[in-house]
Amino acid sequence: MSDTNLPNAPTPLITLLRALAKGVTYSVGLTVLLVLTFLALRVPPMEGLAKIWEGAIGSKDDGYWYPLTETLLKAIPLTLTGLSVVVAWRAGLFSIGAEGQLTIGIVVATSIAKLGAHLPGTLLAIFMLIGAMSSGALWGLLAAWLRIRRNVQEVISTIMLNYIALQILAWAVEGPLQEATHVKPQSDPLPTAALLPRILPMSLTDGIQTRLHLGVVFAVIAVIMVTIYLFRTPGGFALRLIGQNPEAAKLARLNADSIRLKAMALSGALCGLAGAIELMGVTGTLYRDFSPGWGYTAIPVALLGGLHPVGAAFSALFFGGLTSGTSNLARFTKGVSSVLVYVIQGAAVLAVVGARAWKNRKAGTEVD
Amino acid sequence: MPSARDTALPQGTLEAQPNSQAGTPLLKMEGITKRFGENTALSRVDFDIRAGEIHALLGENGAGKSTLMHVLSGLLRPDSGSIILNGSPVRIASPQVARKNGIAMVHQHFALVPAFTVAENLALDTEARFGKRFSLTESSRPALERAHALGWSLDPSARVSSLPVGTQQRIEIVKALATNAKLLIFDEPTAVLSPNEVEELFTVLRRLRDEGSGVILIAHKLAEIMAVADRVTVLRRGARVASAQISNTNPEQLAEWMIGEKPTPVLPEKTVSASTPSELGDELPQDRVRAVFQASRISVLGDRGETAIQDLNLELHAGEIYGVAGVDGNGQAELAEALTGLRPLKSGTLTWRGEPFDPKSRPITGYIPQDRRRVGLAVTMSVEDNLLFDASQQPKYRKGFLLNIRALRKLAANLIEQFDIRTPGVNAPASSLSGGNQQKIVVARALHNRPEWIVAMNPTRGLDIGATRFVHSQLRKAKAEGAIVLLISTDLDEVQTLADRSAILSAGRLTEVALEGASQTDIGLLLGGVKQAGGVE
């Protein structure tokens with residue numbers, strides 16, 4: 001292969017070892033951070049760590065299946081919204097709009113379920129997924145269009161579009177989509193046939209009922225497809241080039257407008273998918289405050305993953321594990337609130353971003 | 001860039017007239033040397049200025065004028081040399097120190113905040129003092145009083161971004177004057193002004209001189225220097241060539257000092273095609289006789305809507321390098337972009353082999369842009385990706401809807417080898433390469449596709465000798481293979497060594513000049529905008 005002609009081209013083994021070393025460093029750093037937090041909260045550190053571990057991964061006594069699948073389950077929406085941020089930011093569009101795109105997606109998916117209740121389950125499920133993705137894409141396109149036509153910065157417009165989407169959801173669950181008794185701000189349960197099936201039979205999981213659903217497969221496919229798109233297609237190359245240097249892209253005669261539109265559409269579609277999967281795989285009903293901030297957590301997820309699709313997936317797993325781990329800790333330990341998860345998430349992102357900035361500074365900018 | 005010209009002793013150093021005017025200098029710079037890496041920007045330069053004099057600093061692009069003045073205004077620190085102000089040595093470590101010593105600079109690109117009002121900009125330099133209330137009127141008053149004294153009416157509440165460039169310059173000037181500067185440096189102040197505004201500026205400069213200030217004028221337009229300066233110092237390639245009273249010199253002499261001696265032909269390859277195509281007549285294929293590329297009466301607008309190129313005609317033949325010399329800012333960038341299809345024409349037509357020019361398909365175009373960091377590269381992307389900007393979008397590097405990664409990697413590896421790009425690895429970010437190797441990426445990308453039409457703009461700026469030679473040899477190779485190369489360069493040597501025919505671009509107009517035959521004086525006069533169209537015999 002061509003690589004061998006070049007001096008110091010890292011072999012795959014070295015690349016792998018480097019990634020592992022990085023992982024170990026981060027884990028050690030995170031552990032130190034947790035211990036310090038526990039000391040501050042007067043929780044015995046070993047006990048605290050054990051609770052987090054049991055919640056995220058499991059233990060001999062209580063088994064591993066349930067905690068592990070819960071971690072995976074929590075990682076699904078984060079992976080998809082994380083991918084969405086990867087795509088937009090790679091194109092140089094600092095979109096904060098994942099939350100709104102996801103929200104629009106679930107409202108549309110629920111509307112489709114209501115209108116198409118008579119359809120066969122699988123067909124309805126497909127329609128819901130497509131509806132959620134296209135409405136998410138449309139929400140993303142709005143921001144891109146504002147940027148291209150009116151030079152409205154997407155950072156602002158996407159945040160505004162988030163508010164609009166959240167208000168639409170709030171209105172819908174007390175209006176046209178409200179459940180039949182018109183009491184609670186939520187929809188009727190979706191038709192059971194349209195829900196995503198659980199994929200792990202109890203015979204396999206030592207008789208434990210897990211909630212892991214087909215959505216995990218969609219998430220994995222999405223990671224693979226976004227990776228291929230970004231790094232193996234002309235369009236993905238153009239998208240990355242526009243993001244890194246729009247001037248250079250102009251020289252390569254690329255059409256920045258159409259690339260930005262495409263990027264925001266894809267970014268929105270991924271969020272719509274994230275919402276629909278959560279709706280059809282976990283909750284089964286639409287209600288107010290549906291998303292616990294997946295669209296916002298997506299940004300640290302993407303950053304921690306180095307704005308790489310595969311990195312984002314792993315980072316989503318990490319965030320998923322933290323969430324289930326800390327909620328376990330909060331459940332069994334006095335004086336610890338599950339809000340701790342946000343402290344740890346924030347600290348982890350700061351540590352990684354800071355380490356990267358430090359490394360870049362050390363490497364120096366230019367020999368020119 | 002070092003070349004034949006460096007070895008020749010600068011002419012005229014000894015002819016400089018010793019200055020007879022009395023009075024000790026206000027400021028003296030002695031033996032100033034400044035290096036940037038391997039590049040010596042200033043080499044033991046002496047410079048002095050008296051109170052009540054306008055001293056022009058003349059030189060080509062890259063001669064070191066701005067560097068010298070940046071040393072004086074505290075923006076750069078010299079590697080060696082001393083600065084003596086009013087008889088005692090000073091260390092000018094920062095612009096603040098310069099200001100305290102009464103030195104102020106009016107920058108070419110104004111240091112104004114466009115979104116602020118005039119008064120707010122004028123108050124920017126006010127020192128914040130604890131416990132002292134800030135008053136906008138108070139802080140901007142000294143400058144506004146200076147403006148009034150000069151007969152300028154500045155509206156303090158006008159937003160700077162809404163004012164014409166000439167007025168913005170006035171703000172910059174009174175801002176400098178308000179610091180009670182005794183020494184004012186003007187960095188190419190006329191570049192942005194209309195002829196009328198230039199005249200007004202000169203009146204102000206003379207007045208400042210008569211009030212006893214020292215005025216340093218960085219310039220490359222000979223006529224302006226002759227009109228306003230009392231004394232002139234000429235720099236060439238970081239060294240002082242001459243200093244003289246204006247009354248003892250003339251534009252021809254200044255031009256000669258600025259350009260220096262003619263280079264001796266060092267490159268035998270050149271003689272092969274040195275004769276003009278028409279002389280060779282029938283012995284050559286048709287396209288060497290008939291123009292392949294034609295620009296007829298093209299006009300191009302600049303970014304601010306000004307006419308950057310006016311009624312320009314160009315006829316180029318296959319297998320030639322056409323050199324366009326000239327000082328930056330005379331329409332070079334706009335011309336390059338227009339001739340690669342990146343900037344629309346205001347009027348006129350471009351044809352290629354008699355058919356309309358369409359850079360997307362015909363001819364195959366290679367473009368080496370001027371600013372590699374800003375537009376030539378995406379420095380955060382890998383060396384490999386940077387080599388593949390164009391290839392990644394070409395159908396021949398596709399497998400279905402996917403990129404043919406294997407072929408692209410092979411192409412990148414080949415280019416790295418062929419163009420001798422020294423990189424820590426294909427996946428290293430382009431920012432980790434030296435400037436010369438970054439430029440090789442740009443050149444490799446522009447030339448790999450066997451372009452028939454190449455526009456190269458300052459392709460060797462900032463490169464060392466080895467890299468420069470390499471880029472030159474690549475351009476010659478492309479020419480030998482039948483491509484047309486348009487070389488736009490501020491480096492006269494480069495144009496002289498590479499080009500078969502050449503012209504000088506000045507104020508958006510192109511004047512064809514045979515650099516080989518022309519006297520250095522004439523070239524200097526053309527570059528300096530003294531001579532216009534009409535050409536040199």
Side-chain angles (χ1 to χ4, degrees), chain A residues 1-12 14-15 18-19 89-92 224-225 227-256 258-259 262 306-308 356-357 359-368, chain B residues 36-37 337 340-342 359-360 365 367 369 371-381 383-386 388-395 397-399 401-406 408-414 416-417 422-429 431-438 445 462:
Chain A
M1 268 304 291
S2 52
D3 292 18
T4 48
N5 309 342
L6 294 157
N8 310 329
T11 65
I14 289 177
T15 314
R18 273 192 197 146
W89 287 34
R90 279 272 183 178
I224 295 171
M225 283 178 60
T227 309
I228 290 177
Y229 175 67
L230 282 180
F231 300 102
R232 289 289 184 273
T233 67
F237 192 100
L239 183 148
R240 287 186 294 126
L241 179 51
I242 290 270
Q244 293 300 322
N245 187 349
E247 292 289 329
K250 201 173 111 192
L251 233 65
R253 301 180 200 283
L254 296 173
N255 182 346
S258 89
I259 292 167
K262 268 188 230 161
L307 286 185
H308 192 286
R356 207 169 282 148
K359 196 180 135 202
N360 287 347
R361 214 168 97 182
K362 222 179 69 177
T365 42
E366 186 114 2
V367 204
D368 207 344
Chain B
F36 296 108
E337 286 178 15
T340 46
L342 292 165
K360 276 192 178 166
T365 304
Y367 179 34
D371 190 338
R372 58 177 168 266
R373 301 271 294 282
R374 201 173 61 79
V375 305
L377 298 169
V379 290
T380 45
M381 289 175 92
V383 169
E384 185 178 86
D385 281 350
N386 270 286
L388 302 175
F389 287 177
D390 304 312
S392 71
Q393 306 301 318
Q394 286 165 2
Y397 291 106
R398 269 180 220 168
K399 248 186 190 169
F401 64 94
L402 295 182
L403 292 169
N404 185 347
I405 285 293
R406 192 177 283 254
L408 285 170
R409 285 218 174 112
K410 206 170 151 195
L411 171 68
N414 282 342
I416 287 172
E417 201 188 311
R422 312 270 164 87
T423 165
V426 278
N427 292 319
S431 61
S432 65
L433 271 56
S434 70
N437 283 299
Q438 289 182 352
R445 203 177 54 218

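In what follows, chains are A, B, ... by sequence order, proteins preceding strands, each numbered from 1.
- By the 4.5 Å heavy-atom criterion applied to side chains, Leu251(A) and Leu342(B) are counted as neighbours.
- Using a 4.5 Å cut-off between heavy atoms, Leu402(B) touches chain A through backbone and side chain atoms alike.
- When each of Lys399(B), Glu337(B), Arg398(B) is checked for heavy-atom pairs under 4.5 Å with chain A, Arg398(B) comes out on top.
- Residue Asp385(B) comes nearest to Phe237(A) through the heavy atom pair O-CZ, 3.3 Å, listed as atom of the first residue, atom of the second, then distance.
- At a 4.5 Å heavy-atom cutoff, Arg422(B) makes no contact with chain A through either its backbone or its side chain.
- With chain A as the partner, the residue from Asp371(B), Asp390(B), Ile405(B) showing the most heavy-atom pairs under 4.5 Å is Ile405(B).
- For Phe389(B), the parts lying near chain A are the backbone and the side chain together; criterion is any non-hydrogen pair under 4.5 Å.
- Judged purely by atom type and a 3.5 angstrom limit, Asn245(A) uses its side chain to pair as donor or acceptor with the backbone of Leu377(B).
- The two residues Pro234(A) and Ser392(B) come nearest to each other via the heavy atoms CB-O, 3.5 Å.
- Here the straight-line distance linking atom CZ of Arg232(A) with atom CG of Asn404(B) works out to 10.5 Å at 0.5 Å rounding.
- Heavy atoms only, all atoms of each residue included: Gln244(A) and Met381(B) are closest at CG-CG, 3.4 Å.
- Not counting sequence neighbours, the partners of Phe231(A) by the ring pair (Phe, Tyr, Trp, His ring centres under 6.0 Å) test are His308(A).
- When heavy atoms are compared at a cutoff of 4.5 Å, Leu388(B) approaches chain A by way of both its backbone and its side chain.
- Remark: Ile228(A) CD1 to Leu403(B) CG distance equals 11.5 Å, nearest 0.5 Å.
- When each of Lys250(A), Arg253(A), Arg240(A) is checked for heavy-atom pairs under 4.5 Å with chain B, Arg253(A) comes out on top.
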